[in-house]
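Reviewing the structure listed below.
Keep in mind that the numbers below use all heavy atoms, side chains included, and drop hydrogens, waters and symmetry copies. Just follow the structure's listing: the first ligand is 1, and inside any ligand the first atom is 1.
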Amino acid sequence: MPVPEPALAVLVLGGTSEGYALAEALAGRPGLRVVSSLAGRTAAPRRPAGEVRIGGFGGAEGLAAYLRDAGIGAVIDATHPFASRMGWNAATACAATATRLLRLERPAWLPGPGDRWQNVADWNEAAAWVGAQARRVLLALGRQELAAFAGLDHVRFLIRSVDRPDPMPPFAQAEIVLARGPFTEADELALLQSRGIDSIVCKNSGGTATDAKLAAARQLGVRVVMRQRPARPVLPTVPGVAAALAWLGRP
Ligand code: NAP
């Protein structure tokens with residue numbers, strides 16, 4: 001009798017819609033074992049399909065030890081474009097353990113005709129631009145990313161955040177709107193117009209859940225201060241789940 005091949009164990013580094021979609025596509029397939037890893041930042045995260053582990057690995061060395069112990073045969077880094085540390089750790093750990101590694105990353109947004117974008121490398125550069133050029137600003141950032149803007153007392157900020165910033169940086173003029181995407185273009189137009197927003201600060205996450213603000217900004221001539229993605233290791237990279245399945249040899 002032929003001996004069945006052991007299942008291929010695939011580790012999905014997740015925390016993104018792509019990570020959930022990939023786990024969903026892989027779970028239950030014969031000959032595959034899928035383990036999703038979440039950082040554990042969210043108190044009650046949605047559970048991906050298949051096995052789940054939560055929390056950091058303890059750097060690249062910890063991840064390498066995990067890959068060996070769990071018998072992982074392939075890693076797919078589907079973390080958020082701005083979660084770069086995990087990407088570097090994955091590259092180091094996979095090189096050390098000769099584990100196949102793929103990057104699954106949604107394409108970045110690109111400016112089109114009518115867009116008024118200012119690309120910046122970090123939040124300090126964004127704050128310097130805002131301080132000099134803007135007066136009424138929508139900060140569409142994570143709540144841990146606000147501090148660089150707090151000293152701009154002459155600027156009126158509208159802060160949109162999933163959870164209330166805690167601690168709240170010392171803004172002189174700030175209103176908080178608690179909201180979680182996706183947002184429609186009509187909602188974004190209404191928000192920008194009702195507050196007289198002249199500039200939006202955001203990061204180039206890509207995807208469709210939060211791109212309506214860019215279309216609304218284009219319509220209204222609002223400027224967009226767009227933080228560029230951090231550097232990542234050069235790896236085989238695919239934009240979606242179908243291409244990731246093909247890379248695994250399980251289309
Ligand atoms: P990061 O800077 O790349 O990672 C910081 C540390 O968090 C890593 O060194 C690692 O700890 C741990 N970690 C990150 N992702 C992990 C995962 N999937 N499984 C286990 N441990 C993980 O990442 P971050 O910006 O803090 O983001 C954390 C998570 O939130 C990511 O998984 C990302 O996909 C998700 N997320 C981030 C953003 C964003 O804007 N940054 C937006 C949406 C979702 P150890 O070194 O101890 O292994």
Please report which non-hydrogen protein atom sits nearest to [atom], along with the residue it belongs to and the distance in Å to one decimal place.
atom: atom 10 (C) of ligand 1; result: M86 SD, 3.7 Å
atom: atom 46 (O) of ligand 1; result: G59 N, 3.0 Å
atom: atom 44 (C) of ligand 1; result: G15 O, 3.4 Å
atom: atom 17 (C) of ligand 1; result: A39 N, 3.6 Å
atom: atom 18 (N) of ligand 1; result: S37 O, 3.0 Å
atom: atom 48 (O) of ligand 1; result: F57 N, 2.7 Å
atom: atom 47 (O) of ligand 1; result: G58 N, 2.9 Å
atom: atom 32 (O) of ligand 1; result: G14 O, 3.0 Å

Decide yes or no for [X] and [Y]: does some side-chain heavy atom of the first lie under 4.5 Å from some side-chain heavy atom of the second?
X: L191; Y: F183; value: no
X: N89; Y: F57; value: no
X: H80; Y: R106; value: yes
X: F157; Y: L152; value: yes
X: D115; Y: V224; value: no
X: C202; Y: K213; value: yes
X: W129; Y: V201; value: no
X: R135; Y: H154; value: yes

[X] heavy atom under 4.0 Å from ligand 1:
X: G62; answer: no
X: G55; answer: yes
X: G142; answer: no

Just which atoms of ligand 1 are under 4.0 Å from any heavy atom in [X]?
X: T16; value: 34 (O)
X: S84; value: 3 (O)
X: T79; value: 18 (N), 32 (O), 34 (O)
X: G56; value: 11 (O), 21 (N), 45 (P), 47 (O), 48 (O)

Pick whichever of [options] has a heavy atom sitting closest to [atom].
atom: atom 2 (O) of ligand 1; options: R85, R227, R232; value: R85
atom: atom 39 (C) of ligand 1; options: R53, H80, E61; value: H80
atom: atom 5 (C) of ligand 1; options: Q144, R41, E18, K203; value: R41

Verdict with supporting geometry, S37 and R53, side-chain hydrogen bond (donor to acceptor under 3.5 Å, both in side chains): CA-CA 5 Å; S37 176; R53 65 160 303 287; 2.7 Å; yes
How close do L139 and L146 get, counting heavy atoms only, and between which atoms?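 Distance-wise, the nearest heavy atoms are CD1-CD2, 3.9 Å.
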Distance-only, no hydrogens or angles: does the R116 side chain make a donor-acceptor pair with backbone N or O of G221 under 3.5 Å?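 Such a contact is found between R116 side chain and G221 backbone.
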Is it the side chain (CB and beyond), the backbone, both or neither of A60 that lies under 4.0 Å from ligand 1, heavy atoms counted?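 Neither; no heavy atom under 4.0 Å.
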Quick one: look at N89 and ligand 1, take heavy-atom pairs under 4.0 Å, and tell me if it's side chain, backbone, both or neither.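 Answer for N89: side chain.
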Measure from atom 7 (O) of ligand 1 to the protein's non-hydrogen atoms and state whether any distance is below 4.0 Å.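 Neighbour list for atom 7 (O) of ligand 1 includes protein heavy atoms (cut-off 4.0 Å).
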Does a sphere of radius 6.0 Å around CD in E61 hold more than 12 heavy atoms from other residues, nucleotides or ligands, not counting ones at 6.0 Å or beyond?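 Count not over threshold, so no.
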As a quick check of understanding, evaluate side-chain contact (heavy atoms from CB on, under 4.5 Å) for Q118 and R223, giving each step before the final call. CA-CA 7 Å; Q118 177 71 30; R223 290 164 303 181; over 6 Å; no
